[in-house]
Structures are given as C-alpha cells and as structure tokens.
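Worksheet: one structure, shown below.
Numbering of ligands and ligand atoms starts at 1, following listing order. The chain is numbered in sequence order, starting from 1.
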Amino acid sequence: MTHALIVIDVQNDFCPDGALAVPGGDEIVPGINALMRDFDHVILTQDWHPAGHSSFASSHPDKASFDMTDMPYGPQVLWPDHCVQGSQGAAFHPDLDTDRAALIQRKGMNPAIDSYSAFFENDRTTPTGLAGALKNLGITDLTFVGLATDFCVAYSALDAARLGFKATLHQTLCRAIDLDGSLNAALAEMRAAGVALA
Ligand code: VGL
Ligand code: ZN
C-alpha cells in the first residue's frame with residue numbers, strides 16, 4: 001500500500017482574519033507540518049477562484065453571504081468573496097510547510113461551477129485530474145486534513161471513498177465552518193461511506 005497525505009485548502013482566507021475564516025483554522029498548521037514526515041507523498045489543494053465566481057454572494061444581487069441558491073448542478077451555498085486567484089487570501093498560510101508537496105491541486109477555476117472536492121467539481125462529474133495522478137503513483141490510501149471539515153475536506157474524502165481509495169479523516173487536524181449542523185451531517189455521511197474517522 002502507498003499512502004498519501006492530502007492537505008485541503010490551508011489558505012489565508014480560511015484562517016482567522018480571512019474572508020471566510022474557519023474558527024481555529026490556523027491552529028492545525030503545526031500538526032499538519034509534523035504529520036507530513038510520516039508520508040511518502042504530500043499533496044496540497046488550493047481553492048482558486050476567478051474574481052466574480054458564481055459561488056460568491058456578490059455575484060447575485062438579491063443574495064447575501066451564506067444564503068442558498070439553485071445552480072444547474074444543484075443547491076449551492078453562496079460565500080463571501082474568497083481565495084481569488086493570485087490574492088494574498090488565496091496564498092497558503094505562511095507557516096504551512098509547502099516544500100514537501102509533490103503536487104498542488106488547484107480547484108474552483110470554472111466561473112460557473114464551485115468545486116469543494118479535490119477530485120470533482122460540484123456537478124460531481126467534471127474531474128480535476130487528481131484521481132488519475134494518484135493512481136499513476138500507485139497510491140491506494142489517503143489521509144485527509146485541513147479546511148473546512150464539513151465542506152472541502154468532507155467532499156474530498158467522500159469522493160475518495162467512491163473512487164475506491166481507502167480514506168481516513170484525521171479529525172483533530174481539521175476545522176469546520178458548521179453552517180446549520182453541516183458538521184454533524186458531514187461526519188455521518190463520511191461514516192456511512194466508509195471513511196475512517198481517526
Ligand atoms: C471551502 C467554501 C467555499 C472549503 C471552499 O475549503 O471548505 N468552503 N470554498
Ligand atoms: Zn471556494
């Protein structure tokens with residue numbers, strides 16, 4: 001078995017003072033850096049939206065941040081503007097050790113579709129290419145850490161399980177947004193899908 005660590009979206013905008021701050025988002029950085037030493041492969045993801053992305057509430061004049069809307073691919077939460085390509089908010093947290101990363105998977109570039117998962121856009125069918133890269137490297141087991149537990153981390157772990165990887169969520173090295181019970185719902189969904197919660 002070959003095991004990779006997937007570090008989801010440890011970016012300034014998801015840390016305290018960021019545009020879409022996840023409570024305690026920065027607390028997990030030292031632990032993630034330490035955990036990297038236990039893995040042969042480290043992969044980072046980076047939420048990477050064009051300005052005016054359709055997942056931003058500011059692109060919908062009648063909506064506010066955290067409202068829901070219906071997209072052609074299904075219901076979508078509308079977010080504050082965040083992780084705009086090339087901005088300081090989209091950069092990795094300055095203390096994250098990016099040197100060990102073999103691959104940085106960017107996502108959310110299509111202006112019309114959000115992308116929580118590292119593997120598929122939110123239509124759940126358009127691939128990012130990461131699954132092919134991992135399979136090429138002979139990687140069978142994936143451990144997930146990062147932000148946010150109930151959105152990008154959960155969607156990534158659920159897709160990993162669906163794709164046949166052995167997926168583990170390292171819960172203490174994740175932090176959640178927790179909108180209307182979304183954390184408990186995501187944990188239940190992951191358990192039911194066979195994601196190991198460590
Ligand atoms: C995320 C909302 C919007 C995440 C990204 O990284 O969990 N959440 N974009
Ligand atoms: Zn985003």
Side-chain angles (χ1 to χ4, degrees), residues 5-29 32 43-60 63-69 71 73-93 96 98 101 104-124 126 128 130 142 144-160 167 169-171 173-187 189-190 195:
L5 179 66
I6 316 270
V7 181
I8 304 287
D9 297 2
V10 180
Q11 293 167 261
N12 290 323
D13 271 343
F14 298 122
C15 290
D17 299 326
L20 179 38
V22 180
D26 56 341
E27 295 166 4
I28 61 177
V29 173
I32 291 174
I43 287 121
L44 310 178
T45 70
Q46 199 170 21
D47 211 35
W48 198 249
H49 299 304
H53 192 262
S54 59
S55 75
F56 296 169
S58 62
S59 303
H60 305 257
K63 298 280 188 185
S65 291
F66 309 108
D67 282 354
M68 297 294 301
T69 193
M71 296 291 205
Y73 54 82
Q76 167 75 46
V77 182
L78 294 172
W79 304 106
D81 290 23
H82 65 278
C83 296
V84 173
Q85 296 171 2
S87 69
Q88 201 43 42
F92 290 114
H93 185 287
L96 183 71
T98 60
I104 297 172
Q105 179 67 56
R106 288 176 168 164
K107 60 188 181 63
M109 287 90 80
N110 183 334
I113 314 183
D114 204 1
S115 189
Y116 295 152
S117 166
F119 297 99
F120 295 99
E121 303 200 24
N122 282 10
D123 61 7
R124 314 291 311 245
T126 308
T128 61
L130 181 61
L142 303 175
F144 291 89
V145 295
L147 306 170
T149 323
D150 41 346
F151 289 92
C152 292
V153 179
Y155 273 63
S156 298
L158 288 166
D159 281 343
L169 179 81
H170 197 307
Q171 262 185 283
L173 293 178
C174 298
R175 292 291 182 276
I177 296 174
D178 205 12
L179 280 183
D180 300 325
S182 57
L183 176 58
N184 279 336
L187 292 173
E189 217 183 319
M190 285 189 274
V195 175

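At least one N or O atom of C152 sits closer than 3.5 Å to an N or O atom of ligand 1. Between D9 and ligand 1, at least one N/O pair is under 3.5 Å apart. Polar contact check, L20 against ligand 1: no nitrogen or oxygen pair lies under 3.5 Å apart. At least one N or O atom of D47, backbone or side chain, sits closer than 3.5 Å to an N or O atom of ligand 1.
For the Zn ion (ligand 2), the N/O/S atoms of D47 include one lying under 2.8 Å. The Zn ion (ligand 2) lies under 2.8 Å from an N, O or S atom belonging to H82. At a cut-off of 2.8 Å, C83 is not counted among the residues with an N, O or S atom near the Zn ion (ligand 2).
Contact annotation: for V153 versus ligand 1, there are no heavy atoms closer than 4.0 Å.
Under the 3.5 Å distance criterion, the side-chain polar atoms of Q11 are left unmatched by any main-chain donor or acceptor of F92. Of the possible polar contacts, none joining the N12 side chain to the G18 backbone as a donor-acceptor pair under 3.5 Å is found. Of the possible polar contacts, none joining the D114 side chain to the S55 backbone as a donor-acceptor pair under 3.5 Å is found.
Nearest N/O/S atom of H49 relative to the Zn ion (ligand 2): this is NE2.
At least one heavy atom of H82 sits closer than 4.0 Å to an atom of ligand 1.
Of all atoms in ligand 1, numbered sequentially from 1 with element shown, those under 4.0 Å from a heavy atom of A148 are 4 (C), 6 (O), 7 (O).
Side-chain contact between F151 and V22 is absent, with no heavy atoms from C-beta onward closer than 4.5 Å. Side chains of H53 and D81 form no contact here, defined as non-hydrogen atoms less than 4.5 Å apart.
In terms of heavy atoms, P111 sits closest to S54 at O-OG, 2.6 Å.
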Next item on the list: Just do the ring-ring contact (aromatic ring centres under 6.0 Å, His included) check on F56 and H49 with the steps written out, would you?
Entry: CA-CA 10 Å; F56 296 169; H49 299 304; 5.5 Å; yes

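Ring pair H93/F14: centre-to-centre distance not below 6.0 Å.
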